Every structure is written in C-alpha cells, then in structure tokens.
Trainee: 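Here's a structure for you.
Atoms considered below: every heavy atom in the structure, side chains included; atoms not considered: hydrogens, waters and symmetry mates. As the structure is a prediction and not an experimental result, all values here were calculated from the model.
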Amino acid sequence: MSTGRGGIPNEVVEEIISRSDIASVVGQYVQFTKNSGNNLFGLCPFHSEDTPSFSVSTNKQMFYCFGCHKGGDVVTFIKEIEHLSYVEALKFLAEKAGVTIPEPDDANYRKEEQLRKRLKEALLEAARYYYKNFKSEKGDAARAYLKKRAIAPATATKFGLGYAPDEWSGLYDHLVSKGFSQYEIQKSGLFVTTKNNKTIDLFRGRLMFPIFNAMGELIAFGGRIIGDGNPKYVNSPETPVYSKQRNLYALNFAKQSKMKQIIVVEGYMDVISMHQAGVTNAVASLGTALTERQLDLLERYCEEVVLFYDSDKAGQNAAVRGLKMLMERKKKHTGMTTRVRVAKVPNGKDPDEFIREYGKDEFAKVVESAVSVLDYLVDSAYLQSQESGEFDPIKFQQLISTYLSWEDNLILRERAAYKAAQILGVSSQSVMSEAGKRSDQSKKEAIEQSRRDVKKQEEILPEKQISETATRDELVLVCLLASLGDKYADFVRNYGEEPLETDFSLGSMRQIVKNILPDLKEGKLDSRKLLAAGDNLILNRRPANDTISEALMSVKYGDNAEDLMKNTLDYLYRVRMSVYTRQKDVLARRLDVMAEGPDRDATESLLRSTLSYLTELKKKMGKR
C-alpha cells in the first residue's frame with residue numbers, strides 16, 4: 001500500500017472518502033434549501049449570511065461558499081467544521097463510515113502515539129496506586145465520606161474510585177519505581193512543578209475519580225478534598241490524551257444503557273448516585289458549561305439531552321451561557337436533530353441529594369417535567385429580575401428580549417413570547433417586536449464581524465507575488481483536466497496534445513500541475529485529487545483549495561464527453577498562447593539591453609523559436 005498523509009495508506013483514504021457522501025455528511029450541519037441540478041444550496045455554516053451562498057456539488061463531491069470562499073472536499077469540510085487536523089478529520093469520517101485505519105508508518109506519528117500509550121499506562125498505574133491507598137488505612141476518611149454519601153462499595157469499585165494520600169511525592173515516587181521517565185511524568189497531568197523546580201503530586205488528600213473517554217480508556221482524574229480545604233475539586237489539566245471539552249464523565253457507562261436520552265449533570269457524585277439508583281444514562285460535564293464538542297459527542301449516542309443546572313446564581317449564569325452556545329450552534333448546524341430540554345430539581349436540591357432521598361421513580365418524574373430551552377430561559381429571566389423580593393419588569397424585558405433573539409424559529413419564539421407577555425402584562429406582539437430588534441442587531445453584528453474576519457484573513461495572507469498567482473484560463477484548464485478522468489487517454493489519442501508543467505505559471509500553479517500529472521496520465525485525476533494537490537499552497541492571495549473550489553463550481557464543462565474534450569483543448573491552447581506570449585515579451589526586453597555576443601545570439605534564437613511556435617499555435621486555434 002502507498003502511504004499518504006499522516007501515515008494513512010492512500011487506499012484507505014480513498015475508501016473513507018468513497019464511503020462518505022458529501023451531501024450526507026454536510027447535511028448533518030447544513031439544511032439545504034435549494035436544489036439546482038447536481039448542486040445543493042444552503043446557508044453557510046462558516047459565516048453569517050441571510051441568503052444561501054453555500055453550495056455542495058454531488059457529482060464532484062465538493063463544497064464551496066460564494067460568500068466566504070471556503071471550499072474543498074468532504075475531509076476539508078469536517079476539518080473546518082469540527083476544527084480538526086487532516087488526520088483527525090479522516091479518523092472522524094472513518095469511524096462514521098466503519099472503515100478501520102491501520103497503524104501508520106510515519107515516524108512523528110508513531111512517536112506521538114507511543115507517548116499517548118505511555119501516558120495511558122502511567123494513568124492506569126496511578127489508578128492502581130490510588131485504589132490501593134483507598135483500600136488501606138490511609139483511605140479510611142475517603143471510605144467514611146462515601147458511606148456518609150450512601151455510596152456502596154460495589155459502586156465505588158465500578159467507578160474505580162481511589163484515594164490520593166496527603167503526601168508530596170507518593171505517586172511521583174511510585175511511577176519512578178515503575179520505570180516512567182521524567183518527561184512522561186511531566187506530561188501526565190498528575191504533577192505540578194514548584195518554584196524550586198521540584199515535581200510534586202497534584203492530587204493530595206483527595207477522593208479520586210478516574211475519567212474515561214467514550215471508548216473506556218482512562219485519560220484523566222478529578223479529585224475532591226477530604227476534610228477542610230480549598231479548592232474543593234481539582235481536575236487534570238489538558239494533556240496529549242485529555243481535553244475536558246471533548247469528553248464527558250461516565251459516558252463510557254451511559255452509552256451502554258442504549259437509551260435514546262442522556263442526562264447531563266454537573267458533579268461526579270451526582271452521576272455516581274444516579275447510576276447506583278439505576279439511572280444509568282447520566283453523565284457530567286467535567287467542571288465546565290456544556291461545550292459544542294461535548295454536544296457533538298452526545299449526538300452520536302442519543303436523540304435527546306436533558307440538562308440539569310445548579311439552582312444557585314452561579315448555576316443560573318452557567319445555564320444561560322451554555323444555552324446561548326447551544327442555540328448559536330443550532331443556527332450554524334441546521335442539520336442538528338438532537339432535542340434539548342432543561343430540568344430543575346425541586347427545593348434547590350442537587351440530583352445526588354434528591355435521588356438519595358426520593359429514589360429513581362421520583363427522579364424520573366423530574367426528568368419527565370423538563371422544559372424546552374426557551375421556557376427555561378423565560379423562567380430564568382424572571383428569577384434574575386427579582387431585586388430584594390421585588391419584580392423588576394424593565395430588567396425582565398431586557399433579558400427576555402435578548403434570550404428570545406437567540407431563537408431563529410419564529411413559531412418557538414412566539415410561544416415563549418406569549419409566556420413572557422403574560423408576566424409583563426403586555427401583548428405577545430410587543431415582546432416579539434423587541435426580540436426581533438435584538439435579533440436583527442445580532443445578525444448585523446455577526447455579519448459585520450464575519451466581514452472583518454474575512455478582511456483580516458486577507459490582510460494576513462502573503463503579498464500577491466508572481467509565484468502565487470494563476471490566470472483564469474489556467475484554473476479553468478486544470479478543472480477541465482480533472483473532469484476528463486479515464487477519458488484522458490482518448491483526449492491524447494484524438495488531439496495529440498498533452499499538458500506540460502511548463503505550460504503553467506511558475507510557483508504554486510506549476511507545483512499543483514506537477515502534483516496532478518501522474519494521476520492525470522493514469523486516468524485517475526478527479527476534483528478531489530485536484531483539491532488535494534493544492535494543500536498548503538497560496539493561489540491568488542487565498543488558500544489554493546479555496547481558489548480551486550471556486551473554479552470547479554463555476555466552470556462550464558459541456559454537455560457530453562466530446563464537448564469536454566474540445567473545451568479542454570481550447571483552454572490548453574489559450575494557456576500556451578498566454579505563456580509563450582509572455583515569454584516572447586520577456587525575450588524581446590532582454591534583447592533591448594543585451595550587447596553583441598554568444599548570449600545575445602542564443603536569446604535571438606530562442607525568440608525566433610518562440611515566435612514560430614506562436615504562429616503555429618495561432619493556426620491550430622484558427623482551425624477550431
């Protein structure tokens with residue numbers, strides 16, 4: 001197998017892409033509103049707009065936005081929308097398509113993978129260390145704490161709970177004795193370095209909660225202080241194997257419930273108590289408001305998410321921030337189908353307390369009574385508008401107008417506006433009008449910000465240079481060549497012409513042609529390979545992928561194979577005419593300043609050859 005980027009065999013890359021229909025993949029993020037032949041159109045997920053300018057070509061298997069000019073194939077789309085590297089995007093698509101990626105040969109990748117493997121081994125060894133201490137006399141206080149919280153020993157074992165003794169270097173000494181290097185220890189996220197450059201344990205005197213990824217691999221820890229002290233909770237920092245924004249506590253257990261609903265709470269103990277009581281579809285958000293990545297993760301495993309937030313002011317603020325993100329995400333990812341509701345535990349209790357006191361069945365009623373996101377925001381606005389026991393209608397109006405402006409669906413907005421109008425004692429039309437003003441202003445700001453971002457991107461691109469430019473004819477020609485595919489041999493046989501590297505402008509354009517020529521000659525060139533040939537290159541002051549994508553979407557290819565071949569030959573001649581005309585002009589300018597001698601003779605000879613070829617080329621073009 002030939003090896004491609006990231007050490008993934010090209011054959012495997014081809015299989016991943018062939019199984020990932022771009023319309024189906026993009027359709028999970030974009031709601032298509034128009035169909036024109038083989039092209040689908042919708043609002044761009046990469047910038048704010050009112051009129052659909054984002055297009056997907058089903059026959060070319062590519063996308064392009066005529067507004068922000070982003071374009072590429074299905075891998076590029078996932079790379080951009082999910083903020084992944086190329087290899088991560090391939091793995092993302094491979095998982096969805098059911099394609100297994102073999103271990104790559106890339107040395108750097110192997111080195112990084114080996115580090116990740118060693119870090120996971122170190123974390124597993126740490127978990128054994130914590131568990132051993134939990135079961136020993138050192139863990140008496142931790143076990144007593146769990147008994148007080150009514151957590152059974154079997155539940156503690158299931159979740160792998162442990163205890164980090166109140167020692168400066170207990171775990172450090174243990175891992176050193178197990179052969180882990182200083183570099184591996186530093187990268188594990190289990191230690192901190194003092195001002196004296198001494199490595200000490202991060203977790204000391206704490207009940208330990210192992211954190212697993214969705215696949216059940218140990219990737220981090222959380223620790224709760226036993227006794228007095230602050231902070232109450234300490235969590236692992238970001239490491240090569242752990243990102244809190246991409247993981248959810250206990251998702252490895254919750255996904256096994258096979259339920260179409262997942263409950264998201266805030267604390268480790270909430271989740272553990274719920275699982276112990278039989279509510280096995282609960283996860284926690286790892287000390288952060290629910291993130292886009294976490295919601296993406298949830299969407300793989302359920303059809304509905306029920307969120308629980310603490311009833312205190314901090315919990316309310318976290319809820320509003322999280323729900324705003326959720327609603328903004330829904331605008332961008334219009335293919336999102338997961339339903340989201342918000343639940344509130346009665347009497348200001350947290351889920352852990354409630355389920356211990358009232359049991360699974362009563363908790364199920366709380367989940368069942370969960371409200372829509374907008375209904376929750378109306379209630380939240382009302383609570384936030386209480387000042388010293390008095391309701392402040394002005395504050396409520398300001399809050400609810402802002403919250404409702406986040407919802408694009410006018411029917412849902414109007415339902416919530418009716419509820420808010422009853423609180424204010426006004427008509428729902430008045431509330432809708434105020435929310436509409438906020439929404440229009442937000443859209444204007446978003447579009448203006450998008451324009452500023454595009455302008456900024458243009459400003460940071462390198463200055464336009466001859467080595468990074470391509471003519472319109474050159475771009476059309478490479479698009480036509482990519483459309484020939486296995487008909488290329490017929491083209492050469494019929495017309496006796498083949499494109500050469502030297503037919504194209506020096507620099508990026510010529511490099512792209514050099515990259516595609518092997519596939520072209522084998523009859524295997526297509527639009528995706530043409531796009532890939534422009535990776536990491538700048539063309540006409542933009543990433544080459546974007547420039548080529550725009551050309552691919554706008555070129556006229558003809559109605560049949562014969563038209564396509566004729567158009568290809570026509571543009572091949574036009575490109576050559578331009579190249580050799582420029583060469584003629586350069587040679588003529590040189591002669592103007594060259595003295596008599598061998599160099600001048602050689603230049604005159606080359607100019608004569610160039611003029612002769614231009615005459616011949618004009619005749620060929622005249623016959624067409």
Side-chain angles (χ1 to χ4, degrees), residues 4 10 13-14 17-18 22 38-39 57-64 71-73 76 467-540 542-580 582 613 617 620-621 624:
N10 286 323
V13 174
E14 293 290 341
I17 292 172
S18 67
I22 194 164
N38 291 317
N39 295 330
S57 171
T58 54
N59 62 332
K60 299 187 187 76
Q61 288 293 295
M62 58 166 289
F63 74 94
Y64 181 73
D73 63 1
T76 305
S467 62
E468 294 174 349
T469 60
T471 66
R472 173 66 182 168
D473 287 348
E474 287 175 325
L475 289 169
V476 172
L477 177 57
V478 292
C479 292
L480 292 169
L481 291 170
S483 296
L484 284 174
D486 58 8
K487 300 180 185 67
Y488 178 72
D490 294 336
F491 172 81
V492 175
R493 186 166 50 251
N494 291 345
Y495 299 110
E497 296 281 5
E498 288 193 77
L500 306 170
E501 286 181 39
T502 51
D503 291 333
F504 295 84
S505 301
L506 280 168
S508 296
M509 191 67 239
R510 189 170 292 185
Q511 182 61 50
I512 289 168
V513 173
K514 181 179 180 181
N515 292 343
I516 65 172
L517 280 179
D519 282 323
L520 175 67
K521 291 178 179 179
E522 291 180 18
K524 296 179 179 179
L525 182 63
D526 55 23
S527 56
R528 186 188 64 77
K529 289 179 178 177
L530 175 57
L531 286 166
D535 281 352
N536 302 317
L537 294 175
I538 297 295
L539 200 57
N540 295 353
R542 285 193 284 156
N545 280 347
D546 294 347
T547 302
I548 295 170
S549 295
E550 181 178 14
L552 282 165
M553 295 298 283
S554 58
V555 167
K556 305 298 182 186
Y557 296 92
D559 298 325
N560 51 50
E562 184 180 354
D563 286 348
L564 173 62
M565 289 187 191
K566 287 180 179 178
N567 287 341
T568 303
L569 183 64
D570 182 41
Y571 274 91
L572 177 58
Y573 286 161
R574 288 166 67 168
V575 166
R576 284 182 176 169
M577 178 63 73
S578 176
V579 168
Y580 281 93
R582 287 200 302 269
Y613 181 75
L617 195 56
K620 288 181 178 180
M621 294 176 73
R624 296 194 33 73

Trainee: For L525, does its backbone N or O pair with a side-chain atom of D519 as donor and acceptor, under 3.5 Å?
Mentor: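 No.
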Trainee: With a 4.5 Å cut-off on side-chain heavy atoms, are L475 and N540 touching?
Mentor: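 When only atoms from C-beta onward are counted, L475 and N540 do touch, with a gap below 4.5 Å.
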Trainee: Determine, stepwise, if the pair L480 / V476 fulfils side chain to side chain contact (heavy atoms under 4.5 Å, CB included).
Mentor: CA-CA 6 Å; L480 292 169; V476 172; 3.8 Å; yes
Trainee: Got L572 and L477 here, is their nearest side-chain heavy-atom distance under 4.5 Å?
Mentor: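 L572 vs L477: side chains touch.
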Trainee: List the steps, then state whether side chain to side chain contact (heavy atoms under 4.5 Å, CB included) holds for L617 with Y573.
Mentor: CA-CA 7 Å; L617 195 56; Y573 286 161; 3.5 Å; yes
Trainee: If you compare all heavy atoms of L481 against all heavy atoms of L520, which two are closest, and at what distance to 0.1 Å?
Mentor: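 Here L481 and L520 meet closest at O-CD1, 3.8 Å.
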Trainee: Taking all non-hydrogen atoms of both residues into account, name the closest pair between L530 and L552 and its distance.
Mentor: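 Closest approach of L530 to L552: CD2-CD2, 4.1 Å.
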Trainee: For S508 versus I538, what's the shortest heavy-atom pair and its separation?
Mentor: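 Between these two residues, the closest heavy atoms are OG-O, 2.9 Å.
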Trainee: Should T58 and N39 be marked as a side chain to side chain contact (heavy atoms under 4.5 Å, CB included) after you check the CA-CA gap, both sets of side-chain angles, and the distance that decides it?
Mentor: CA-CA 6 Å; T58 54; N39 295 330; over 6 Å; no
Trainee: For a salt bridge (Lys or Arg N to Asp or Glu O under 4.0 Å) check, start with the C-alpha distance between E497 and R576, then their side-chain angles and the critical distance, and finish with the verdict.
Mentor: CA-CA 12 Å; E497 296 281 5; R576 284 182 176 169; 2.8 Å; yes
Trainee: Judged by atom type as modelled, is there a donor-acceptor pair below 3.5 Å linking the side chain of D503 to the main-chain atoms of L500?
Mentor: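 Present.
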Trainee: I'd like to check Q511 versus E501 (side-chain heavy atoms, cut-off strictly below 4.5 Å). Are they in contact?
Mentor: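 When only atoms from C-beta onward are counted, E501 and Q511 do not touch, as no gap falls below 4.5 Å.
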Trainee: If you define the side chain from C-beta out and look only at heavy atoms, does anything of Q61 sit under 4.5 Å from D526?
Mentor: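 A side-chain contact under 4.5 Å is absent here.
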Trainee: If I take atom OG1 from residue T568 and atom CZ from residue F491, how far apart are they, to the nearest 0.5 angstrom?
Mentor: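 With rounding to 0.5 Å, OG1 (T568) is 5.5 Å from CZ (F491).
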Trainee: Any chance you could measure D535, atom CG, to T76, atom OG1, to the nearest 0.5 Å?
Mentor: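 The OG1 atom of T76 is 6.5 Å from CG of D535, to the nearest 0.5 Å.
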Trainee: Supply the atom-to-atom distance D570 CG to M621 CE, rounded to the nearest 0.5 angstrom.
Mentor: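 Between atom CG of D570 and atom CE of M621 there are 6.0 Å.
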Trainee: Give the C-alpha distance, both sets of side-chain angles, the deciding distance and a yes or no for salt bridge (Lys or Arg N to Asp or Glu O under 4.0 Å) between R574 and D473.
Mentor: CA-CA 7 Å; R574 288 166 67 168; D473 287 348; 3.5 Å; yes
Trainee: Are Y488 and P499 packed together at the side-chain level, in the sense that at least one heavy-atom pair is separated by less than 4.5 angstrom?
Mentor: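 Yes, their side chains come closer than 4.5 Å.
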Trainee: What are the two closest non-hydrogen atoms of D546 and Y64, and how far apart are they?
Mentor: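 The answer is O-CE1, 3.4 Å.
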Trainee: Distance from C479 atom SG to E550 atom CD, nearest 0.5 Å?
Mentor: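 Here the rounded value is 10.0 Å.
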Trainee: When rounded to the nearest 0.5 angstrom, what is the spacing between CD1 in I512 and CD1 in I548?
Mentor: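 The CD1 atom of I512 sits 4.0 Å away from the CD1 atom of I548.
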Trainee: Under 4.5 Å between any side-chain heavy atoms of D73 and F63, yes or no?
Mentor: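 No, too far: nothing below the 4.5 Å cut-off.
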Trainee: Are the side chain of S527 and the backbone N or O of K60 linked by a donor-acceptor pair below 3.5 Å?
Mentor: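 Yes, the answer is positive, given that a donor and an acceptor are paired below the 3.5 Å cut-off.
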Trainee: If you compare all heavy atoms of S57 against all heavy atoms of M553, which two are closest, and at what distance to 0.1 Å?
Mentor: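 Nearest pair, atom of S57 first, then M553: CB-SD, 3.8 Å.
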Trainee: When you check the gap from the basic side-chain N to the acidic O, do K521 and E498 get nearer than 4.0 Å?
Mentor: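 No.
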Trainee: Just so I know, are the side chains of R582 and S505 near enough to count as touching, which here means a heavy-atom distance under 4.5 Å?
Mentor: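 R582 vs S505: side chains touch.
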Trainee: Is E474 salt-bridged to R510, cutoff N-O under 4.0 Å?
Mentor: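 No.
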Trainee: Would you give the length of the straight line joining atom CE of M565 to atom OH of Y495, rounded to the nearest 0.5 angstrom?
Mentor: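 Reported value, rounded in 0.5 Å steps: 7.0 Å.
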Trainee: Closest heavy-atom contact between T502 and V579?
Mentor: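 Looking at all heavy atoms of both residues, the shortest contact is O-CG1, 3.7 Å.
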Trainee: Does some side-chain heavy atom of K514 sit less than 4.5 Å from a side-chain heavy atom of M509?
Mentor: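 No; the side chains remain at least 4.5 Å from each other.
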